[in-house]
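The structure appears below as structure tokens.
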There are 2 protein chains.
Amino acid sequence: MAMTVKEVADLVGISVRTLHYYDEIGLLTPDETTKSGYRLYSDDNLEMLQQILFFKELGFPLKKIKEIINSPSFDRHEALVLQRKMLLEKRRRLDKVIATIDKTIQHMKGEIQMTNKEKFEGFDFSHNPYEQEARERWGDEAVDKANAKIGSMSKDEQEAMAKAMNSIYQKLAALRNGSPESEEAQAAIKEWYDFLNNNFGNYSLEAFKGLGQMYVDDERFTKNIDQFGEGLAKFMRDAMAVFADKNKK
Amino acid sequence: MAMTVKEVADLVGISVRTLHYYDEIGLLTPDETTKSGYRLYSDDNLEMLQQILFFKELGFPLKKIKEIINSPSFDRHEALVLQRKMLLEKRRRLDKVIATIDKTIQHMKGEIQMTNKEKFEGFDFSHNPYEQEARERWGDEAVDKANAKIGSMSKDEQEAMAKAMNSIYQKLAALRNGSPESEEAQAAIKEWYDFLNNNFGNYSLEAFKGLGQMYVDDERFTKNIDQFGEGLAKFMRDAMAVFADKNKK
DNA sequence: ATAAAGTATCACGTAACGTGAGAGTCAACA
DNA sequence: TGTTGACTCTCACGTTACGTGATACTTTAT
């Protein structure tokens with residue numbers, strides 16, 4: 001089950017140094033380490049590594065990969081589907097390059113003419129049409145800001161924060177079939193409001209209400225939140241609106 | 001006809017800095033420069049750039065690309081054919097990665113099982129099956145050594161050397177239908193022998209004879225030499241053998 | 001129990017540019 | 001003719017994703 005660096009390296013076809021490096025930059029930290037400091041990779045770690053390699057294949061820089069897979073709105077299945085689309089696009093590009101080679105060979109034999117532009121078809125490095133989509137899904141400003149803060153925290157702090165968030169989410173999920181105006185619901189929402197204000201920028205009541213709306217408008221948030229319970233996003237939106245309106249007066 | 005840096009950059013889809021860099025490391029030096037120092041790229045330069053990008057697409061480091069395209073045995077047509085093969089191989093790899101994604105998506109849904117090995121199929125970075133072939137064709141030790149020496153020379157020196165070599169080749173080509181033992185042939189071959197000894201390692205008579213044999217055994221040499229005249233390689237081999245045997249006694 | 005193989009952490013090196021900074025050059029328009 | 005804006009040049013330092021030892025400790029195999 002748990003694999004050492006070399007075992008992983010050999011299985012995957014990368015170097016040990018690469019795994020060390022990924023650990024160093026916090027991209028892939030093994031779940032476990034022996035008391036003598038040896039890294040031990042779990043099956044979950046392997047799946048994460050697979051994700052990382054898919055993104056790498058598509059030319060994403062490690063920093064961006066880290067952002068994406070650490071994003072609170074990251075969804076593995078969605079990622080795989082998009083990656084598939086991007087890889088198909090990459091293959092189309094490769095086909096173009098091959099066609100360009102074929103043409104060039106013919107051109108050399110004097111069989112056909114070729115414009116300068118044609119000689120470089122397929123070499124479109126800079127522009128990946130799906131990179132924009134990826135950015136929109138996982139990389140927008142708000143998320144970036146949150147991630148930046150999370151990224152600057154120590155591992156222990158990160159865990160503590162994740163725990164705190166989960167705890168609040170779970171509390172709310174348990175209440176989601178009741179009224180968003182109930183005392184317990186409003187108390188839990190206040191916890192959420194305070195949590196956000198303590199850990200991220202300072203949210204005005206308006207912004208807080210707007211954020212709640214985003215939870216249902218933006219499917220990235222919806223999906224993630226509803227993992228704690230079907231309909232939680234909607235419930236939170238309602239409770240957050242009530243909270244905002246109530247405390248405004 | 002002659003294009004400026006930005007024109008080339010825009011046409012090809014690379015940065016100006018990249019062209020500057022390629023010039024800096026001597027990978028692609030523009031044929032012409034204006035008196036104020038502006039780089040002007042010819043159509044030949046564009047073709048060379050295309051070659052470079054094909055190799056880059058295949059993951060060759062620039063240093064190796066430089067070696068290859070400066071190799072005396074470099075043949076553009078042959079290169080294109082091999083590059084085509086390598087690109088097809090790359091596409092097969094890409095297809096494997098896509099298949100792996102498909103499997104992973106199914107695996108997530110619980111539809112199928114997947115071994116850890118299967119999760120990383122297609123990610124075979126290190127091993128390009130054609131890299132070896134490329135190395136054999138263009139990168140063997142002798143050629144590397146010669147290239148290293150040529151590479152360490154100034155551009156003027158390189159031109160001077162190319163001129164000298166061409167002059168000897170042409171002289172020999174003119175004699176190739178006569179006897180390899182003729183006085184003129186032996187005189188020209190002596191020039192060749194001295195030239196090699198002055199410019200590259202020191203060839204013994206035996207090594208010189210062996211080199212001649214390579215001219216017909218190794219098609220890389222044959223092709224290049226016969227450009228000066230059909231059958232020149234064989235003629236040189238014979239003349240070099242005669243020269244070696246005669247001077248040994 | 002001793003060698004061989006694996007692992008850890010520095011720490012410096014490398015490749016292929018990116019990114020200003022500062023200064024000169026060129027085409028076009030007022 | 002002068003000026004402006006787009007290009008160009010050459011330093012020169014920064015960055016990414018590791019490679020490559022060096023040195024020391026740990027685990028596995030015989």
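Chain letters run A, B, ... following the sequence lines, proteins first and then strands; every chain starts at 1.
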d([atom1], [X]; [atom2], [N]) in whole Å:
X      : N       : atom1 : atom2 : answer
D23(A) : dC10(C) : CG    : P     : 12 Å
Y21(B) : dT14(C) : OH    : P     : 12 Å
F60(B) : dA16(C) : CZ    : C1'   : 17 Å
Y38(B) : dA23(C) : OH    : P     : 16 Å
L27(B) : dA15(C) : CG    : P     : 13 Å
E67(B) : dA15(C) : CD    : P     : 12 Å
E7(A)  : dA5(C)  : CD    : C1'   : 13 Å
K6(A)  : dT7(C)  : NZ    : P     : 7 Å

Looking at dC26(C), dC17(C), dA8(C), which one has an atom nearest to any side-chain atom of L62(B)?
dC17(C)
So do [Y] and [X] actually touch side chain to side chain, heavy atoms under 4.5 Å?
X       : Y       : value
K119(A) : H107(A) : yes
R39(A)  : T29(A)  : no
E57(B)  : L87(B)  : yes
N45(A)  : P30(A)  : yes
D23(A)  : L19(A)  : no

Students often mix this up, so state it plainly: with edges at 30° and 60°, are the rings of F55(A) and F60(A) parallel, tilted or perpendicular?
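Perpendicular, since the angle between the ring planes exceeds 60°.
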Should the ring pair F195(A) and W192(A) be called parallel, tilted or perpendicular, given that the plane angle runs from 0 to 90° and is split at 30 and 60?
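Ring orientation of F195(A) relative to W192(A): parallel.
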Any salt bridge linking R17(B) with E24(B)? Criterion: basic side-chain nitrogen under 4.0 Å from a carboxylate oxygen.
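Between E24(B) and R17(B) there is a salt bridge, with a charged N closer than 4.0 Å to a carboxylate O.
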Given M48(B), which of D31(B), L53(B), I69(B) fulfils the side-chain contact (heavy atoms from CB on, under 4.5 Å) condition?
I69(B)
Hey, which of I101(A), T104(A), N116(A) is the one that makes side-chain contact (heavy atoms from CB on, under 4.5 Å) with Q50(B)?
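When I101(A), T104(A), N116(A) are each tested with Q50(B), the side-chain contact (heavy atoms from CB on, under 4.5 Å) holds only for T104(A).
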Mind checking which nucleotides bracket the chain A contacts on DNA chain D, 5' to 3', with an atom under 4.0 Å from a heavy atom?
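Endpoints of the contacted stretch of DNA chain D: dT16(D) to dT27(D).
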Is S36(B) near enough to dC26(C) that one of its side-chain N or O atoms lies under 4.0 angstrom from OP1 or OP2?
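Answer is yes, contact under 4.0 Å.
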Report yes if a side-chain nitrogen or oxygen of T4(A) is closer than 4.0 Å to either non-bridging phosphate oxygen (OP1 or OP2) of dG6(C); otherwise report no.
no
If you look at every strand shown and take non-hydrogen atoms under 4.0 Å, does T34(B) touch a base, only sugar-phosphate, or nothing?
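Contact class for T34(B): none.
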Determine to 10° how strongly the helix from dA1(C)-dT30(D) to dT14(C)-dA17(D) is bent, judged from the axes of its five-pair ends.
30°
For DNA chain C, whose closest nucleotide is more 5', that of R17(A) or that of G37(A)?
G37(A)
Of K35(A) and R39(B), the one whose closest nucleotide on DNA chain D sits nearer the 5' end is R39(B)
First encountered from the 5' end of DNA chain D, between V5(B) and V16(A)
V5(B)
